[in-house]
Amino acid sequence: MTSPPPLPDRYDFAATEPEIYRAWLDAGCFDAHAEHSSRVGGERQPYTIVMPPPNVTAILHVGHGLNNTIQDVIVRWARMRGAEALWVPGTDHAGIATQNVVEKLVAAEGKTRFDLGRAAFVQRTEEFVARTGGTILEQLRAIGASADWSRTAYTLSPELSVAVREAFVRLYERGLIYRGHRVIHWCPRCLTSLSDEEAEFNDETGKLYHIGYPVEGQPGRELVIATTRPETMLGDVALAVNPDDERYRDLIGHSVRLPIVNRSIPVIADAYADPTFGTGVVKITPAHDANDFEVGRRHSLPMPVVIDETGKLGEIADADGRVPAELNGMDRFEARERIVEILRTSGELKKIETHQHAVRHCYRCDTVVEPRLSDQWFVKMEPLARPALQAVRDGAIRILPERWEAVYVNWLTNIRDWNISRQLWWGHRVPVWYCDECDPPQDIIVSRDDVRECPHCGCPVRQDEDVLDTWFSSGLWPLSTLGWPDEQSADLAAFYPTDTLVTAPEILFFWVARMIMLGYEFTGRAPYHTVYLHGTARDTQHRKMSKSLGNGIDPLDVTKLYGADALRWTLIAGMGMGADVVLDPEDLDKSFAAGRNFGTKLWNIGRFLLDRVGSDPVQPLAAVDRGALTRADEWILSRLDAAIAECDRALGPLWPTTPHDSPDGLVWRESERYAGLKLNEYAEAARHFVWNELADWYLESLKSRLETPGADREAARAVLVHAFDQALRMLHPVVPFVTESLWQRLPGRAAGEFLVRASWPAARGAKQSRAAQEFEQVREVVLAVRQIRGDNAVAPGKMIEVLVRPSGADGGELRTLLEQELATIGRLTRSETRIVDDVPEGAAAHAVIGGGTEVIVPLAGLIDVEKECARLRGEVAELEKQILSREGRLNNAKYVERAPEQVVANDRAILQEMKTKREQLVDKVRSLCGA
RNA sequence: GGGCGAAUAGCUCAGUUGGUUAGAGCACCUGCCUUACACGCAGGGUGUCGGGGGUUCGAGUCCCUCUUCGCCCA
């Protein structure tokens with residue numbers, strides 16, 4: 001048999017990664033098959049993740065990198081666990097965001113979207129998306145995303161648009177969508193309404209203006225109000241005071257004169273007025289404040305509109321004569337200054353205070369949002385929220401980390417109706433038509449199909465101009481990507497409900513909660529059983545990485561410099577659940593050292609191992625006679641079992657398994673609900689095994705065994721290949737490329753086999769063998785010698801003499817064991833090791849290890865006797881302290897009486913051992929230091 | 001203003017129902033280019049568990065309180 005060419009010294013990730021990714025694609029490794037799903041009679045339980053669709057105009061940033069790496073780790077793990085794993089990729093048309101991008105392009109040509117007109121603008125946007133829209137999905141391939149690209153979805157595709165219409169019509173028919181006339185959040189730059197969630201709060205230092213409104217019929221008396229937005233006063237229709245507020249009770253029912261506008265408005269009593277805020281008097285501007293609107297409705301007040309859609313003052317509706325000519329057409333902030341000036345001149349401005357308050361801004365363009373009275377489509381949320389709340393309470397859905405569940409419950413409990421219409425051009429047009437000809441006017445027509453003529457009078461109809469909130473379509477994502485509303489869809493039957501959703505907490509309300517609500521509404525089932533919320537990528541000053549701050553990291557830069565595995569490892573291993581990932585955009589070398597170093601280490605382990613093992617056939621471990629295994633073999637196999645168990649513990653169960661009387665059928669039991677998906681703990685457990693156990697101990701201990709042909713060599717080869725094979729499987733979900741590359745080279749690998757499709761390691765279940773425990777004794781001796789070397793600064797390469805005096809406590813078994821392992825100890829410590837019965841005279845360094853065994857390094861001239869004495873005395877002193885503390889505790893009658901027996905007994909045993917060790921150390925000090 | 005959470009090593013974080021001498025990774029310090037790996041090897045823990053009080057034989061862990069910070073909501 002010919003030997004394979006030796007592996008290159010350096011792992012060439014730049015050449016290897018694309019090659020391996022191509023091989024995976026060609027072999028269809030990421031393709032899921034509906035017919036394999038156990039839900040439709042197949043042999044595999046499905047495991048599905050739908051990718052949070054990035055905006056179609058997005059380019060990859062480290063946040064996407066983190067989000068998608070987490071998903072890829074989970075989906076690769078599920079695939080190896082034998083699931084029919086499906087990861088559905090796709091993009092979001094991202095209404096406002098995309099429209100803004102194209103508007104900027106148009107603006108560069110000196111035009112607005114209105115110059116182009118709706119049809120041309122939409123076409124322009126479609127062309128832009130067609131040209132650039134696939135970019136981010138291409139980029140995800142470079143970081144190893146194992147998504148099923150044949151199912152790539154797009155929220156504005158014809159298929160998904162069908163789902164959107166179906167959802168709208170069904171909700172309408174159920175009475176859950178309605179047309180509402182109320183004050184909503186309006187962005188004067190984007191020229192659209194926004195949902196509550198899209199109008200984000202910024203804490204700002206503003207001003208609180210105190211303005212006097214003269215009381216009519218009581219000269220000299222005035223009511224002073226405090227407002228942050230004096231420009232809205234032109235639309236004031238009343239002043240409100242709290243009915244319980246003694247200060248103003250006599251004025252209820254009277255009138256005041258509205259300054260500037262110079263007209264009479266009433267003083268009303270309403271609990272909305274907060275006696276403790278400002279002066280306790282609040283001006284009521286129903287058309288320009290949501291709370292005032294409610295007050296206005298309660299008191300049947302007029303609702304004059306004095307600010308237009310672009311934020312300029314004017315007499316827009318029912319405002320006859322309220323806006324003075326000099327303010328007409330003026331921008332709202334300019335008008336604020338001007339009005340304050342006018343009031344200052346007239347003496348009606350009483351004072352100005354600085355004021356901390358939260359101001360709503362458009363989440364897309366950061367413009368200050370203007371409350372605006374208008375007609376919008378709303379979704380009635382309370383009935384939708386009920387099952388979504390119950391699901392989390394029952395445990396049908398878990399949210400990780402746990403603390404977000406409280407936030408979710410709190411939001412859903414106080415949910416408000418959702419404004420879903422947007423005055424944009426880019427999106428799903430509201431499927432509502434109006435007939436202007438019918439007499440009397442007909443009700444609106446809500447339809448799944450386009451309507452051309454009025455079903456009542458046959459006249460032409462016009463479609464509602466608005467489009468739907470982008471989040472309305474993404475809220476259907478788990479359904480629509482799997483074929484809903486087509487009840488015959490194979491994917492829907494095979495893969496819905498999906499399993500885990502991985503996203504950032506910022507869109508818990510925007511997206512996650514709405515998907516859950518719509519999932520229950522349309523299927524009666526939760527869309528997934530696990531919501532995993534991960535942290536944010538931040539720079540070293542803990543600022544969120546962002547384009548505008550210029551502190552971002554391009555994941556593709558990282559893959560070019562260190563490879564995709566290095567990127568993935570660094571992100572996964574460095575991220576506690578829900579915790580932010582801190583990286584330094586100024587120093588990629590340092591930031592990604594962990595991933596780069598680990599990849600190199602893995603490569604070197606593989607290089608060494610494959611070279612020494614050779615390509616001759618290797619026995620499967622099961623075929624190796626147990627008696628042929630050395631203590632080191634047994635030890636590494638037991639460590640492997642422990643590592644597998646630890647990885648499984650950290651990753652937790654894939655699915656909930658506890659039957660429950662709810663629509664979902666299965667719920668998380670408390671013991672497992674918050675237990676899994678600790679990806680960093682899993683990664684660390686796997687890393688610790690391969691690096692600190694397999695490489696540092698096992699490989700080092702068996703070098704000579706591989707040089708001599710024979711049964712022992714074959715046993716070592718079998719164990720080595722088995723352990724490394726299992727280690728590569730364990731690590732594959734995090735670092736798929738380098739593990740696949742090495743795994744392919746293991747002896748006996750058949751063509752067409754892929755690690756990506758290999759089975760997840762299973763512990764052998766062999767109980768901790770005696771031989772494995774005995775190897776721990778060997779390790780203790782080695783560690784003691786190394787510590788002596790370190791403490792005495794003896795160069796690691798220098799051959800030394802080591803004497804071991806076994807404790808006689810076990811009747812000589814330990815002595816036999818150590819005699820058999822002398823060669824291993826010698827190799828691992830670079831020493832001539834001997835067993836002795838007596839401690840020789842002369843200068844030597846000493847260590848006492850478990851059970852009283854002594855390790856002696858007689859190195860006259862190599863060690864500093866003074867230093868060694870000091871060290872030993874220090875150790876004795878430390879021991880004394882601990883003995884004292886423990887004795888004190890054991891002398892406490894209450895402790896002995898009340899603490900569990902086990903705890904006390906354990907304490908006594910430890911005390912005894914400490915005392916033994918102290919005696920030995922004191923002896924050493926006496927003989928070595930003569931004191 | 002309401003709610004939730006956090007505060008443990010230089011940094012990011014674990015620490016299960018209270019029970020040995022509080023841990024991990026990275027960073028750091030010391031010694032080494034020891035024939036797979038200096039992107040490495042060997043050794044080293046550097047801590048008033050935010051402050052104060054309480055419960056308990058025993059508190060990082062439970063209770064109260066204060067401080068600081070973060071997130072969500074209004």
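Within every chain, numbering begins at 1; the chains are lettered A, B, ... in the order of the sequence lines, protein sequences first and strands thereafter. Small disclaimer: the values here were computed from a predicted structure and weren't measured.
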Nearest-Å distance once atom C1' is located in both B:rU16 and B:rC72
28 Å
If the cut-off is 4.0 Å, is A:Arg886 near the phosphate of B:rU21, judged by side-chain N/O to OP1 or OP2?
yes
Check this one for me: any side-chain N or O of A:Asn604 less than 4.0 Å away from OP1 or OP2 of B:rG40?
no
Indicate, with a heavy-atom threshold strictly under 4.0 Å, whether A:Asn414 touches base, sugar-phosphate, or nothing.
nothing
Would you say the side-chain atoms of A:Thr600 and A:Arg596 include a donor-acceptor pair closer than 3.5 Å?
no
Using atom P of each nucleotide, how far apart are B:rU68 and B:rA59 to the nearest Å?
28 Å
Could you tell me whether the side chain of A:Glu700 has a donor or acceptor atom within less than 3.5 Å of a complementary atom in the base of B:rA42?
no
CE of A:Met799 versus C1' of B:rA42: gap in Å, rounded?
16 Å
Categorize A:Phe509 for me: base, sugar-phosphate, or nothing, with a 4.0 angstrom heavy-atom threshold over every strand shown.
sugar-phosphate
In whole Å, measure the gap between the P atoms of B:rA6 and B:rG15 for me.
11 Å
Base, sugar-phosphate or nothing for A:Ala899? Non-hydrogen atoms, less than 4.0 Å.
base
Does a nitrogen or oxygen in the side chain of A:Arg789 sit under 4.0 Å from OP1 or OP2 of B:rG31?
no
Given B:rA36, is OP1 or OP2 found less than 4.0 Å from the side-chain N or O atoms of A:Lys703?
yes
Look at A:Arg918 together with A:Glu880 and state whether they make a salt bridge at an N to O cut-off of under 4.0 Å.
yes
Does A:Glu693 pair with A:Arg779 as a salt bridge, N-O distance under 4.0 Å?
no
Counting the atoms with a prime plus P, OP1 and OP2 as sugar-phosphate, which does A:Trp404 contact under 4.0 Å by heavy atoms, base, sugar-phosphate, or nothing?
sugar-phosphate
Nearest-Å distance for atom pair NZ/C1', residues A:Lys590 and B:rC39:
16 Å
Short side-chain N/O contact to B:rC37 OP1/OP2 from A:Arg10, under 4.0 Å:
no
Please report, rounded to the nearest Å, how far the C1' atom of B:rG19 is from the CG atom of A:Leu890.
12 Å
For the base of B:rC37, is there a side-chain donor-acceptor partner from A:Lys601 under 3.5 Å away?
yes
Could you work out which one of B:rA42, B:rC39, B:rA74 sits closest to the side chain of A:Arg786?
B:rA42
Over all strands shown, is A:Glu681 touching base, sugar-phosphate only, or nothing at heavy-atom distances under 4.0 angstrom?
sugar-phosphate
Could you tell me how far B:rA24 sits from B:rA42 if I compare only their P atoms? Round to whole Å.
15 Å
Rounding to an integer number of angstrom, what distance separates B:rG58 and B:rC13 when you compare their P atoms?
34 Å
Can you tell which of B:rA36, B:rA42, B:rC39 lies closest to the side chain of A:Thr600?
B:rC39
Between A:Glu646 and A:Arg649, is there a side-chain N and carboxylate O pair less than 4.0 Å apart?
yes
Check whether any side-chain nitrogen or oxygen of A:Trp691 sits under 4.0 Å from OP1 or OP2 of B:rC41, and answer yes or no.
yes
Which value, in whole Å, describes the distance between the C1' atoms of nucleotides B:rA38 and B:rC33?
6 Å
Taking B:rC11 as the reference, what is the distance to B:rC28 when you measure between their P atoms (whole Å, please)?
14 Å
List RNA chain B stems (3 or more consecutive Watson-Crick/G-U pairs, under 3.5 Å)?
B:1-7 with B:67-73, B:10-13 with B:23-26, B:28-32 with B:40-44, B:50-54 with B:62-66
RNA chain B: A:His688 or A:Arg360, which has the more 5' nearest nucleotide?
A:His688
Are any of the side-chain nitrogens in A:Glu684 or A:Lys678 under 4.0 Å away from the carboxylate oxygens of its partner?
no
Write down the distance separating the C1' atoms in B:rG43 and B:rA7, rounded off to the nearest Å.
33 Å
By nearest heavy atom, map A:Ala573 and A:Ile605 onto RNA chain B; which one lands nearer the 5' end?
A:Ala573
Whole-Å distance between B:rA36 C1' and A:Phe724 CZ?
11 Å
In this structure, how many angstroms lie between the P atom of B:rG43 and the CZ atom of A:Arg779, rounded?
10 Å
Looking at A:Lys590 and A:Asp584, is there a salt bridge between them, counting it only when a charged N and a carboxylate O are closer than 4.0 Å?
no
OP1 or OP2 of B:rU21 versus the side-chain N and O atoms of A:Arg889: is any pair under 4.0 Å?
yes
